[in-house]
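Below, chain A is the first sequence line, B the second, and so on; all start at residue 1.
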Protein chains: 2
Amino acid sequence: MTLTDTNSWTGIREVLLRRIHDRIWQPGEQIPHEADLAEEFGCARTTVNRALRDLADSGLVVRKRKAGTRVAVNPPQRATLTIPIIREEVESIGGSYRHSVLERDLRPLPAMLHGAFQVSLGEDVLFLKTLHFSNERPYAFEERYINLEAAPAARDLSFKEVSANEWLVHNAPYSHGDLSFFAVNADDKLSGKLDAATGTALFAMERITWAGDLPITHVRLIFAPGYRMRTEI
Amino acid sequence: MTLTDTNSWTGIREVLLRRIHDRIWQPGEQIPHEADLAEEFGCARTTVNRALRDLADSGLVVRKRKAGTRVAVNPPQRATLTIPIIREEVESIGGSYRHSVLERDLRPLPAMLHGAFQVSLGEDVLFLKTLHFSNERPYAFEERYINLEAAPAARDLSFKEVSANEWLVHNAPYSHGDLSFFAVNADDKLSGKLDAATGTALFAMERITWAGDLPITHVRLIFAPGYRMRTEI
DNA sequence: CAGTGGTCTAGACCACGAG
DNA sequence: TCGTGGTCTAGACCACTGC
């Protein structure tokens, strides 16, 4: 039998978890106060607080001042996705990375993005089309708009050596962003670039990042066939 | 000008964040010790610790005992996805939810899953095909295997009233799982079910959950065209 | 070995929000 | 209003790991 150290916050978390799993505390039911639990475990309230805060972060319990802590009725699955820069992703699975800039020009922001990506009216943005390779096979196709107000230095860069992806991470840190995942069919152009039959379902990701109120970049990545985004929960 | 409260851990986190964004602390550079920062901010080390721990959780700094805290060189994007049960997802966007069980039988586990989903040899698993609707329009198609050793009560349930999705959340809590996302083409069967032209790219999710060593369920969800999984970072 | 983060404690005050 | 969680403090000991 495994003994759990009930003097560590992780140990206490395990015990609480087991009580929830074993239905000793029913979904929706209020569990004892921090103070009572601290007494039960013979530890400081801070320690119980840490354990409960962790359970709340993962969605298993719901905490409210005055109302106490309740076991979540429908614990949502929370999964943390780690999205590395593509070079690191490729290299981490043992591939050799290369990228190729297919297009690069200044242009007005397409109307489609006016709502989500508010740059100053009339300002051009830097547009890039890039193909990423793993072991010389297409890995992902990227279309990107860069707001030159947020990253003026990008105007003079070709992004042939360092990908825009990587350069922006280092030179235009964002404060927040929107991220979405979806599926697209390979059209004729994509099909040639990604070495996929026309019509093949491809996994895609779209991302907008801001530094405060200033939009930095909008990027759409479309991955070669077979790509899976994985995580553990 | 906005003043930041440097006596709260969130306030301290903001200040540290700004120093990283403003390159006062360069990527890869070691930042001051907790004790020094605590002195600078005139607060307890615990408070600085909380702020730094939070930055480390989000991947912006890397902390090591003895080696100190460094600004991450390639801060990975971490995104937390919240995956609710489908009924709640549908209802949260104002739809009325319904589901329909298309198939339900006991069968041996398909060979394809033998590696990932280790049930006792020769034991049958419960197989379910379900279609989820939002406002009477197809929302997602589900294929699910349930390990009856982990959830024996499932053997006697039709899952016509409560979906397997929801029942399992309430009755077979998992301790951990694998989750992946990918894209598939609608085949003829899917196309009819999801009201999508054959070949349409569809967003799909696959999930296996365990309770300790015991596999609980394997589920593949394929969403109707246009589905996006969104999150903020 | 010794510096650094990780954690625990006992106590305190505060903010929120249910009743 | 007042119970409950949220947070802060000052101090302590410990665990890891680079040197």
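The two residues Ala164(A) and Phe159(A) make their nearest non-hydrogen contact at CA-CD2, 3.6 Å. Closest heavy-atom contact between Asp178(B) and Ile233(A): N-CG1, 4.4 Å.
Between the P atom of dG5(C) and the CG atom of Asp57(B) lies a distance of 15 Å, rounded to the nearest Å. Atom CG in Asp54(A) sits roughly 11 Å away from atom P in dT7(C) (whole-Å rounding). Straight-line distance from the CZ atom of Arg13(A) to the C1' atom of dT7(C): 14 Å, rounded to whole Å. The CZ atom of Arg70(A) sits 11 Å away from the C1' atom of dA18(C) (whole-angstrom rounding). Rounded to an integer number of Å, the gap from Asn49(A) CG to dT7(D) C1' is 8 Å. At whole-Å resolution of the value, CG in Asn7(B) and C1' in dA12(C) are 15 Å apart. The CZ-C1' distance, from Arg50(B) to dT7(C), rounds to 14 Å in whole Å. Rounded to a whole Å, the CZ atom of Arg53(B) is 14 Å from the C1' atom of dG6(D).
The CG atom of Leu157(B) sits 9.0 Å away from the CG atom of Leu126(B) when rounded to the nearest 0.5 Å. Rounded to the nearest 0.5 angstrom, Ile86(B) CD1 and Leu221(B) CG are separated by 4.5 Å.
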Expected rows: protein N/O vs nucleotides 13-15 of chain D N/O, under 3.5 Å:
{"unit_1": "dA15(D)", "atom_1": "N3", "unit_2": "Arg65(B)", "atom_2": "NE", "d": "3.1"}

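Within residues 29-40 of chain A, the residues that place at least one heavy atom under 4.0 Å from DNA chain D are, in residue-number order, His33(A), Glu34(A).
For the pair Asn147(A) (side chain) and Thr217(A) (backbone), a donor-acceptor distance under 3.5 Å is absent. Using a distance-only test at 3.5 Å, with no hydrogens or angles considered, no donor-acceptor pair links the side chain of Ser180(A) to the main chain of Met229(B).
Phosphate proximity of dG5(D) to Thr69(A): present, with a side-chain N or O under 4.0 Å from OP1 or OP2. A sub-4.0 Å separation between OP1 or OP2 of dT9(C) and a side-chain N or O of Thr47(A) is present.
Comparing Lys64(A) and Gly42(B), the nucleotide of DNA chain D nearest to each residue sits closer to the 5' end for Lys64(A).
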Q: Check the pair Arg63(B) / Glu34(B) against salt bridge (Lys or Arg N to Asp or Glu O under 4.0 Å), numbers first and verdict last.
A: CA-CA 11 Å; Arg63(B) 316 197 74 197; Glu34(B) 291 188 349; 2.7 Å; yes
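Under the side-chain hydrogen bond (donor to acceptor under 3.5 Å, both in side chains) criterion, Glu40(A) pairs with Arg19(A), not counting sequence neighbours.
Here the options are Arg87(A), His132(A), Glu91(A), Glu88(A), the test is side chain to side chain donor-acceptor pair (under 3.5 Å), and the partner is Tyr97(A); only His132(A) passes.
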